[in-house]
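First the structure, in the form of structure tokens, and then the observations on it.
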Amino acid sequence: MTLFRSFTATAAGLALMATLTTAAEAHRMWLYPSATVLSGEDPWVTIDAAISNDLFYFEHHPLRLEGLVVTGPGGAPVDAQNAATGRYRSTFDIQLTEPGTYRVAIASSGLFASYTINGERQRWRGTPERFAAEIPAGADNLQVTELARRVEAFTTRGAPDTGALSAQGSGLELVPVTHPNDLFAGESAQFQLVLEGQPAAGIEVEIVPGGSRYRDQVGDWTVSTDAQGIFTVIWPEAGMYWLEASVNDDNPSFEGATNRRATYVATLEVLPQ
């Protein structure tokens with residue numbers, strides 16, 4: 001019984017996504033690098049990963065590291081070191097052995113279903129491979145949503161490059177026009193959003209400055225992608241920024257699903273002039 005055309009997911013990724021989907025309705029998830037631009041003979045960066053109310057303070061829930069992929073300047077995977085997950089955050093280190101830009105991503109995909117069995121409403125999360133075996137044959141009012149989520153940060157040793165920044169062609173992704181480690185206060189930057197590798201037009205992008213714990217107002221604003229999926233951001237001041245975009249439509253790849261939700265999140269650092 002084949003219910004899907006193409007889809008990839010892991011059990012670990014789905015466990016992560018189940019956590020994120022619930023928590024993200026009220027909180028923001030993020031990766032926070034200790035530095036985004038480094039130099040020297042043996043630089044390291046520490047990444048915090050959390051889901052929180054205030055950016056970037058770990059006061060709610062750790063962002064689990066299942067689905068973590070670090071891509072080096074040449075496009076090859078790089079091992080994360082000293083990984084640990086505590087009460088409020090996960091953390092890991094990356095040794096920047098090569099000059100260039102490193103892409104850090106936690107990505108997941110899968111299905112969410114709700115249905116009625118014997119008059120009781122049920123919820124289910126899992127992979128397309130498990131769907132047919134685990135949804136009861138007598139389920140009524142079955143509704144299935146296809147989910148994809150990607151959370152990213154970037155860090156560079158020496159001069160920025162683009163070897164690690166190619167889109168993977170799955171879910172909602174950011175393709176830099178302006179390099180994500182070459183951002184300065186008062187300047188504009190451009191990025192492209194792609195959905196399944198194609199330009200994502202008409203998508204709203206929310207941008208929130210870090211340090212919201214010490215402001216009365218969140219200070220967020222939104223911009224929209226054009227026909228080519230490109231959006232422009234003018235950075236008002238130096239600091240860390242959180243960016244999120246999502247797509248909800250009725251074009252899932254899984255044949256048993258009725259709609260699709262794809263989300264992209266990034267943390268970017270803007271430097272002073």
Side-chain angles (χ1 to χ4, degrees), residues 16-38 44-68 70 80 82-94 102-108 149-156 172 174 178 180-189 191 204-224 231-246 263-273:
L16 166 67
M17 185 169 57
T19 298
L20 300 185
T21 301
T22 300
E25 292 174 355
H27 299 86
R28 296 183 173 95
M29 68 198 75
W30 42 265
L31 295 169
Y32 190 92
S34 58
T36 61
V37 180
L38 300 99
W44 290 67
V45 61
T46 295
I47 308 284
D48 289 332
I51 301 167
S52 69
N53 187 19
D54 290 322
L55 295 170
F56 293 96
Y57 298 90
F58 34 88
E59 27 70 327
H60 178 62
H61 200 280
L63 180 57
R64 304 289 178 182
L65 301 182
E66 291 88 352
L68 170 65
V70 181
N82 306 317
T85 296
R87 175 64 180 85
Y88 289 124
R89 63 170 171 170
S90 296
T91 184
F92 56 94
D93 298 324
I94 304 169
Y102 293 69
R103 183 180 200 165
V104 185
I106 294 178
S108 61
R149 193 184 303 276
R150 174 175 290 268
V151 185
E152 290 191 328
F154 308 88
T155 188
T156 294
L172 192 61
L174 184 82
T178 304
N181 292 143
D182 193 23
L183 309 176
F184 293 92
E187 295 185 354
S188 65
F191 307 96
E204 284 198 345
V205 182
E206 180 187 15
I207 302 157
V208 186
S212 55
R213 181 184 183 90
Y214 303 108
R215 295 193 302 269
D216 291 332
Q217 304 295 324
V218 175
D220 61 324
W221 76 96
T222 61
V223 297
S224 297
F231 64 97
T232 300
V233 182
I234 300 175
W235 307 107
E237 58 185 357
M240 301 298 286
Y241 287 81
W242 182 87
L243 178 155
E244 183 187 52
S246 63
T263 301
Y264 178 84
V265 174
T267 300
L268 302 173
E269 184 176 31
V270 175
L271 300 174
Q273 288 280 359

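If you take OG1 on Thr156 and CG on Asp182, they are separated by 9.0 Å, rounding to the nearest 0.5 Å. How far CG of Leu243 is from CG of Leu268: 6.0 Å, rounded to the nearest 0.5 Å. Atoms CG and OG, on Leu68 and Ser108 in that order, are 12.5 Å from each other to the nearest 0.5 Å. If you take CG on Leu31 and OG1 on Thr91, they are separated by 10.5 Å, rounding to the nearest 0.5 Å. For the atom pair CZ (Phe184) and CD (Glu269), the distance works out to 10.0 Å, reported to the nearest 0.5 Å. Atoms CD1 and CH2, from Ile207 and Trp235 in turn, are 5.5 Å apart once rounded to the nearest 0.5 Å.
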Applying side chain to side chain contact (heavy atoms under 4.5 Å, CB included), run through Val233 and Trp221 and close with a yes or a no.
CA-CA 10 Å; Val233 182; Trp221 76 96; 3.8 Å; yes
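Within the 3.5 Å criterion, the main-chain N or O of Gly210 finds a donor-acceptor partner in the side chain of Arg215. Of the possible donor and acceptor atoms, one in the side chain of Asn181 sits under 3.5 Å from a partner among the backbone N and O of Phe154. Panel note: side chain Glu206, backbone Asp220; no donor-acceptor pair is recorded below 3.5 Å. Put simply, the side chain of Thr267 never gets that close to the backbone of Tyr32: no donor and acceptor are under 3.5 Å apart. With hydrogens and angles disregarded, no donor-acceptor distance shorter than 3.5 Å links the side chain of Ser212 to the backbone of Val218. No side-chain donor-acceptor contact under 3.5 Å links Trp30 to the backbone of Val151. Using modelled atom types, no side-chain atom of Arg28 and backbone atom of Glu244 make a donor-acceptor pair closer than 3.5 Å.
For the residue pair Pro272 and Ala238, the shortest heavy atom distance occurs at N-CB, 3.6 Å. The minimum heavy-atom distance between Phe56 and Met240, with the atom names listed, is CE1-CB, 3.6 Å. The heavy-atom pair separating Ile51 from Pro62 by the smallest distance is CD1-O, 4.1 Å. Nearest heavy atoms, Leu183 versus Ala189: CD2-CB, 3.7 Å. Shown here for Ser246 and Thr263, the closest heavy-atom pair between the two residues is CB-OG1, 3.7 Å.
With contacts defined as side-chain heavy-atom distances shorter than 4.5 Å, the pair Thr222/Phe231 does not qualify. By the 4.5 Å heavy-atom criterion applied to side chains, Arg87 and Phe58 are not counted as neighbours. No side-chain heavy atom of Met29 sits under 4.5 Å from any side-chain heavy atom of His61. The side-chain heavy atoms of Tyr264 and Val205, taken from C-beta on, include no pair separated by under 4.5 Å. Taking the side chain as every heavy atom from C-beta outward, Asn53 and His60 never approach each other to under 4.5 Å.
A side-chain contact (heavy atoms from CB on, under 4.5 Å) with Val70 holds for exactly one of Ile94, Thr155, Ile47; it is Ile94. For the side-chain contact (heavy atoms from CB on, under 4.5 Å) criterion with Phe92, the lone passing option out of Val45, Thr46, Leu65 is Leu65.
Legend: residues meeting side chain to side chain donor-acceptor pair (under 3.5 Å) with Glu204, ordered by chain and number and at least two apart, are absent. Under the rule for a side chain to side chain donor-acceptor pair (under 3.5 Å), the partners of Ser90 that lie at least two apart in sequence or sit in another chain are Thr85.
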